[in-house]
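Everything below concerns the one structure shown next.
Order of appearance sets the numbers: ligands from 1, and atoms from 1 within every ligand.
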Amino acid sequence: MAKDFDPHRLDVRRFAEDGAELAASDSLQSFRRLAAETQQPGDAAPVQWRARGELLNPRHVHPEVWVHLEAETVLPLVCQRCLNPVDVPVNVDRSFRFVSDEATAAAEDDASEEDLLAVSRSFDLVELVEDELLMELPVAPRHEVCPEAVKMSAADPDFEAAEAEREHPFAVLGRLKTGK
Ligand SMILES: [Zn+2]
């Protein structure tokens, strides 16, 4: 299916005319700008993405050229509250209408609800995937509930009582050290 479409040099109009689809699972490291924002991208989940072309109003003199894009991955980031690693799922689900050139895209952009791009015979779809994922990057990534740190505020009696009920902090620490 769609072997003749190169996601890095996509003929957008033909892609839409064919109602073609492209999908891939690319390593996070292959998205260099995105990888630069993450921790150890080499161990990260791949970026799964899928694009579908569509021609709307095909009988019209100027049919509309659309590309629908979905992408998802899990980004290894640093929690801004506890500074431990946090995996943040991100996903993109957007549709783009391609117009004849950049000037038209700029002129119509304010009046259009959809995202406009200039049509091209060698459009870099993978770069668009990266652009969109970068926009989804959280400014301050956080755990919903941060993992409990081993606290040392033993002077607090409430804290001690709570710890005694559960488990001594040094027992936890010992397990962490031995890796059990
Ligand atoms: Zn956290």
Side-chain angles (χ1 to χ4, degrees), residues 6-10 21-54 66-98 105-106 109-110 112-117 123-180:
D6 177 350
H8 287 282
R9 300 178 59 81
L10 187 68
E21 284 191 23
L22 279 169
S25 175
D26 293 329
S27 76
L28 180 56
Q29 275 181 312
S30 70
F31 297 85
R32 296 172 89 176
R33 288 176 297 148
L34 189 59
E37 303 289 334
T38 66
Q39 306 293 312
Q40 303 188 321
D43 300 331
V47 174
Q48 318 258 15
W49 63 265
R50 193 169 78 91
R52 181 170 59 85
E54 185 181 29
W66 286 82
V67 172
H68 308 286
L69 183 69
E70 288 169 41
E72 62 177 5
T73 189
V74 178
L75 298 174
L77 303 173
V78 171
C79 172
Q80 296 304 294
R81 193 158 43 204
C82 70
L83 301 181
N84 283 311
V86 57
D87 288 335
V88 178
V90 288
N91 62 74
V92 169
D93 185 355
R94 287 182 98 152
S95 295
F96 301 88
R97 182 159 67 88
F98 285 76
D109 196 42
D110 289 343
S112 302
E113 293 203 357
E114 64 263 27
D115 293 297
L116 299 185
L117 292 169
F123 183 79
D124 194 337
L125 195 61
V126 183
E127 199 177 340
L128 180 63
V129 170
E130 185 166 28
D131 287 344
E132 292 301 313
L133 287 170
L134 278 165
M135 280 199 267
E136 296 299 321
L137 199 66
V139 181
R142 282 178 190 179
H143 291 106
E144 242 170 70
V145 179
C146 288
E148 281 188 57
V150 180
K151 292 178 189 169
M152 296 298 175
S153 54
D156 180 347
D158 288 343
F159 175 82
E160 281 204 322
E163 283 300 321
E165 271 175 31
R166 227 179 32 216
E167 194 172 18
H168 196 279
F170 291 112
V172 177
L173 195 64
R175 249 201 336 275
L176 288 175
K177 276 182 180 159
T178 53
K180 281 176 195 165

Any idea which heavy atoms bring Ala51 and Leu69 closest together, and the distance?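 Nearest heavy atoms, Ala51 then Leu69: CB-CD1, 4.0 Å.
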
Of all the heavy-atom pairs spanning His68 and Glu54, show the shortest one and how long it is. NE2-OE1, 2.7 Å

Residues in ring pair (Phe, Tyr, Trp, His ring centres under 6.0 Å) contact with Phe96, at least two apart in sequence or another chain: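 Not a single residue meets the ring pair (Phe, Tyr, Trp, His ring centres under 6.0 Å) criterion with Phe96.
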
Looking at side-chain heavy atoms only, is the closest gap between Val88 and Leu137 below 4.5 Å?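 No, too far: nothing below the 4.5 Å cut-off.
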
Those residues at least two apart in sequence (or on a different chain) that pass side chain to side chain donor-acceptor pair (under 3.5 Å) with His143 are none

Please list every donor-acceptor pair under 3.5 Å in which a side-chain atom of residues 42-50 meets a protein atom from a residue at least two apart or in another chain.
| residue | atom | partner | partner atom | Å |
| --- | --- | --- | --- | --- |
| Trp49 | NE1 | Asp26 | OD2 | 3.0 |
| Arg50 | NH1 | Glu21 | OE1 | 3.2 |
| Arg50 | NH2 | Glu70 | OE2 | 3.1 |

In the protein, how many N/O/S atoms are under 2.8 Å from the Zn ion (ligand 1)?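 My tally for this metal is 4.
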
